[in-house]
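Here is the structure we will look at, set down as structure tokens.
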Amino acid sequence: MEIRLGKILAVSAPSGTGKTTIIKQILQDFPDLVFSISATTRSKRREETNGKDYFFLTEAEFIEKINNEEFVEWERFYDYYYGTYKSFLEENIQQGKSVLLEIDVYGALNVKRIYPGAKLIFIYPPSYDELVNRLMNRKTESEEDFKKRIERAKMELSLKDKFDYLVENKDLEKAILETKSIINNIIKEKD
Ligand code: 5GP
């Protein structure tokens, strides 16, 4: 019997692009899609839950996992580590379940190197200024983190053409519909 592997979908976007809102909606509308819960060493935000949004680890715990090769990919940025668990991803795709990764642009490009069949979606803001405004209004970061995030956003935007699908988030509802339609097509696609 032919076993069909699950698909890997990575969604990337600069901070403050509305990515988390879009992903929450996608996960509600695609109940079979499994969200890959990353590990991170940054502190938990008030609205986040450990083991649901991220696994919040100490730096020592994270480094131990790097040394044990537990991550498919990992990045260190804004002074924090972020990583995708290898066993979680593998177990799900082997069972034919598609997995959604919410990771940064470098992480997404690394995943594609390891899994060439992975599909990469990039969500981008209508303009750089708009992104700066959104991040400023969000007020979840310290002044220093905020500066680092807007600097990084410039670099991330410059890599958007390396992605398979691009979605502009000018109007949130439209961006959700567009992303849903892309995901629907990817899931239905034969390998
Ligand atoms: P935040 O701190 O806002 O939750 O996430 C910061 C950045 O880290 C976002 O671009 C997010 O997509 C990315 N990120 C989250 N998990 C991972 C991961 O496992 N690997 C990589 N490379 N980036 C991640």
Should we say atom CD of E69 is surrounded by more than 12 heavy atoms from elsewhere, each under 6.0 Å from it?
-> no

Would you say the side chain of D164 lies within less than 4.5 Å of the side chain of I121, judging by non-hydrogen atoms?
-> no

Validation: residues 56-65 side-chain donor-acceptor distances under 3.5 Å, sequence neighbours left out:
from: T58; atom 1: OG1; to: E61; atom 2: N; distance (Å): 3.1
from: T58; atom 1: OG1; to: E61; atom 2: OE1; distance (Å): 3.4
from: E61; atom 1: OE1; to: T58; atom 2: N; distance (Å): 2.8

Between Y85 and F71, is a ring pair (Phe, Tyr, Trp, His ring centres under 6.0 Å) present by the stated rule, with each step listed?
-> CA-CA 5 Å; Y85 284 105; F71 297 121; 5.4 Å; yes

For Y81, side chain to side chain donor-acceptor pair (under 3.5 Å) partners two or more places apart = R76

Kindly confirm or rule out a cation-pi arrangement of K160 over Y124, judged by NZ or CZ under 6.0 Å from the six-membered ring centre and within 45° of its axis?
-> yes

Taking every non-hydrogen atom, the tightest pair across R134 and N169 | NH2-O, 2.8 Å

Has the side chain of S98 got a donor or acceptor atom that lies under 3.5 Å from a matching backbone atom of K7?
-> yes

Validation row: Y128, L157 side chains within 4.5 angstrom (heavy atoms) = yes

Determine whether the aromatic ring centres of F77 and Y82 lie less than 6.0 Å apart.
-> yes

How far does NZ of K24 sit from CG of D29, to the nearest 0.5 angstrom?
-> 14.0 Å

In Å and rounded to the nearest 0.5 Å, what is the CD1 to CG distance from I150 to D129?
-> 10.0 Å

Is a donor on one side and an acceptor on the other found under 3.5 Å between the side chain of N137 and the backbone of N133?
-> yes

Rounded distance (nearest 0.5 Å) linking atom CG of D79 with atom OG1 of T41 | 9.0 Å

Go through the steps to decide whether E48 and R42 satisfy the test salt bridge (charged side-chain N to carboxylate O under 4.0 Å, His left out), and finish with yes or no.
-> CA-CA 12 Å; E48 291 176 324; R42 82 147 159 75; 2.8 Å; yes

Interatomic distance, L131 atom CG to E156 atom CD [nearest 0.5 angstrom] | 9.0 Å

Please answer whether the main-chain N or O of P14 pairs with a side-chain N or O of R152 as donor and acceptor at a distance below 3.5 Å.
-> no

Taking a hydrophobic cluster as the set of Ile, Leu, Val, Met, Phe, Trp and Tyr residues connected by side-chain heavy atoms closer than 4.5 Å, whether directly or through intermediates, do Y54 and L100 fall within one such cluster?
-> no

Is it true that a side-chain atom of T17 and a backbone atom of A13 form a donor plus acceptor pair closer than 3.5 Å?
-> no

Does D104 reach the main-chain N or O of Y106 with its side chain, forming a donor-acceptor pair under 3.5 Å?
-> yes

Check the surroundings of atom NZ in K44: do more than 12 heavy atoms from other residues, nucleotides or ligands lie under 6.0 Å from it?
-> yes

Could you go through the salt bridge (charged side-chain N to carboxylate O under 4.0 Å, His left out) check for K148 and E144 one step at a time?
-> CA-CA 6 Å; K148 285 183 188 163; E144 204 190 325; 3.4 Å; yes

Is the shortest heavy-atom distance from the side chain of I123 to the side chain of S12 under 4.5 Å?
-> no

Rounded to the nearest 0.5 Å, the CD1 atom of I23 sits from the CZ atom of F30 at a distance of 12.5 Å

